[in-house]
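Counting begins at 1 with the first residue of the sequence.
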Amino acid sequence: MTATAGTAPTAAPATSAASAPHVPLTSLFVRLKLSLLRNGLKGSSKRKAVWITSLVFVLVVGFFVTLGLALLRGHTHAGTVVVLMAAILALSWTVMPLFFPTGDETLDPSRLVMLPLRPRPLVRALLAASLVGIGPLFTLCLAVGSVLAVARGTAGIAAAVVAVPLLILGCVTLARAVATANVRLLTSRKGRDLALLSGLLIAVGAQVANFASQRLFQAGGLTQLEPVEAVVRWLPPATAVGMVDSASEGSYGIAAAQLALTLAALAGLLWFWERSLTKLMVTPDGSTLAAARPEKDRGRGEAGLWALLPGGRTGAAMQRTLRYVVRDPKTKSAWVTALAIGLIVPVFNALQGTGSLYFACFGTGMLGVQMYNQFGQDTSAFWMVAQTISTPREAYVELRARAGALALVTVPYTVLVTAVTAALLNDWPGFAGALGLALALLGSMLCTGALASARYPYSIPTEGAFKNVVPGQAGLAWMGIFGGMLASAVICAPLIALTIWLNVADHQDMSWLLLPLGVAWGTLATWTGLRLSAPTVARKLPEILLAVSKG
């Protein structure tokens, strides 16, 4: 029917909208997830091959894992293995969205904030869509294998039928609740920094797991894990698997309590997820709030701990260096790697009974390497710093501030690592000597690091998480770092010789003298290196600027 004069033109669209079929939100989101997976494979044979290969790999591994768990049926420690594995599975679901925030676009519900959707139906729809994928499929295989290992009798089988979906729902809900609560972090620069550090954390975790497995088999096998399993079986969602084990053993009261705890935890996670979604949809992001704050409020709190730094150029340069550590992904990755590895090596060697108190110097050396190529870490922004350097005195102040910022972190870190190692080895009489030698090493590396920064600067590329030297400058990097480390050992040679003599001549009671000697030696070495480097920086400033700006 055509519209005539006086006829409302919106009548036809309104009638069409009213007669439009109502589509359930849950089924709509499931179809959208399937469409997202299907469309992601179009137009790229390589991406399709990777996805198919991943699916086949997961199916094969899942089959053998399920078969292996099922073969544990009747084993004395089958319950211990599957309960702990369920806890590890839940932990993996919790942290993986934080490590790999870009792995699944559905992790970001902020894309839906402009749509007229209520949180509770949205939670149901997102939960159903989250069950579609390779991850839930692998989790299903592990869940089935776990209950097959411990389910016995009618009660055990009935509990297993309930436990499998509860375990999967618990893992998926836990992951989505954590991801929604941290969605601002995951989609920000800090989230990308966290993803960059995920490889380091996984590597550290692998070392911890390797060490724990060695200690486990040395201590007598799975029996040592029974006290841990007794606690973990009461932590949801591992309680779902614990419920099957309890029901199979005839402990129906305990199984009922574990079932109630699993359901309560799942309900609590769903409530927390719904609340996080509500907050996300009605709260502006941090950038909007920061822009809306008055100028006087934005300036408030800027000082904080920075107010403790010295004034003038020294404090400004120290603050700039420390902010690089906090904000620049590559600088942060290098620092966290040094902090983690520098603590792991002496501690793990001490725990294995093969360590030495002087292994604490390893941590100091890891952080001391950060002094090398001080200007290269500024990348092309170094030209702004270069504008303020025209005399050797200004170059000296700049280098002194950078060395001070590094020492501000490294000195207490060295004290901590040495103290922890001494406590594990129960070697407190040697604490002062080891600390003195470590501080002397730090001063020597600050000295040679300043010299290497002035004579062998190189550019750090901004792209690529694992590219730290631009092509053509690898020789400069190797010459500066390894040459400087060798020179640091030569500078510390007198103190190293004195330490060896005190131990060989059985004068360990005099090793405390190494602490004041190490502090004085390190301070003198640092001052000397800064003084020798400053004229070179002022004279070769254009060359340094050109070298560090090639990335």
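For the pair Y456 and I481, the minimum side-chain heavy-atom distance is 4.5 Å or more. Two residues are said to be in side-chain contact when any heavy atoms from C-beta on lie closer than 4.5 Å; L441 and T414 fail this criterion. Annotation: side chain of L532 is not in contact with side chain of T536 (no heavy-atom distance under 4.5 Å). With a 4.5 Å cut-off on side-chain heavy atoms, L451 and S453 do not count as touching. Taking 4.5 Å as the limit, some side-chain heavy atom of I88 sits within range of a side-chain heavy atom of S92. Within the 4.5 Å cutoff, the side chain of C361 has heavy atoms near those of the L437 side chain. In this structure, the side chains of Y413 and T364 stay at 4.5 Å or more apart for every pair of heavy atoms. Using a 4.5 Å heavy-atom threshold, the side chains of V537 and E398 count as separate.
The ring pair (Phe, Tyr, Trp, His ring centres under 6.0 Å) analysis of residues 367-405, with sequence neighbours excluded, yields the pairs F375-F382.
Residue M85 comes nearest to L142 through the heavy atom pair CE-O, 4.0 Å, listed as atom of the first residue, atom of the second, then distance. Closest approach of L406 and G368 over heavy atoms only: CD2-O, 4.4 Å. Scanning both residues, G170 and L269, for their nearest heavy atoms gives O-CD1, 4.1 Å. For the pair R233 and Q258, the tightest heavy-atom approach, listed with the atom from each and the gap, is O-NE2, 3.6 Å. A434 and L357 get closest at one heavy-atom pair: CB-CG, 3.6 Å. In terms of heavy atoms, A534 sits closest to P392 at CB-O, 3.4 Å.
Distance CG/L446 to CD/Q374: 9.0 Å, rounded to 0.5 Å.
Partners of S390 by side-chain contact (heavy atoms from CB on, under 4.5 Å), not counting sequence neighbours, listed by chain and number: E394.
Under the 3.5 Å distance criterion, with hydrogens and angles disregarded, a donor-acceptor pair is assigned to the side chains of R313 and T388.
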| message | Walk me through whether V347 and F359 qualify under side-chain contact (heavy atoms from CB on, under 4.5 Å). | response | CA-CA 9 Å; V347 167; F359 275 21; over 6 Å; no
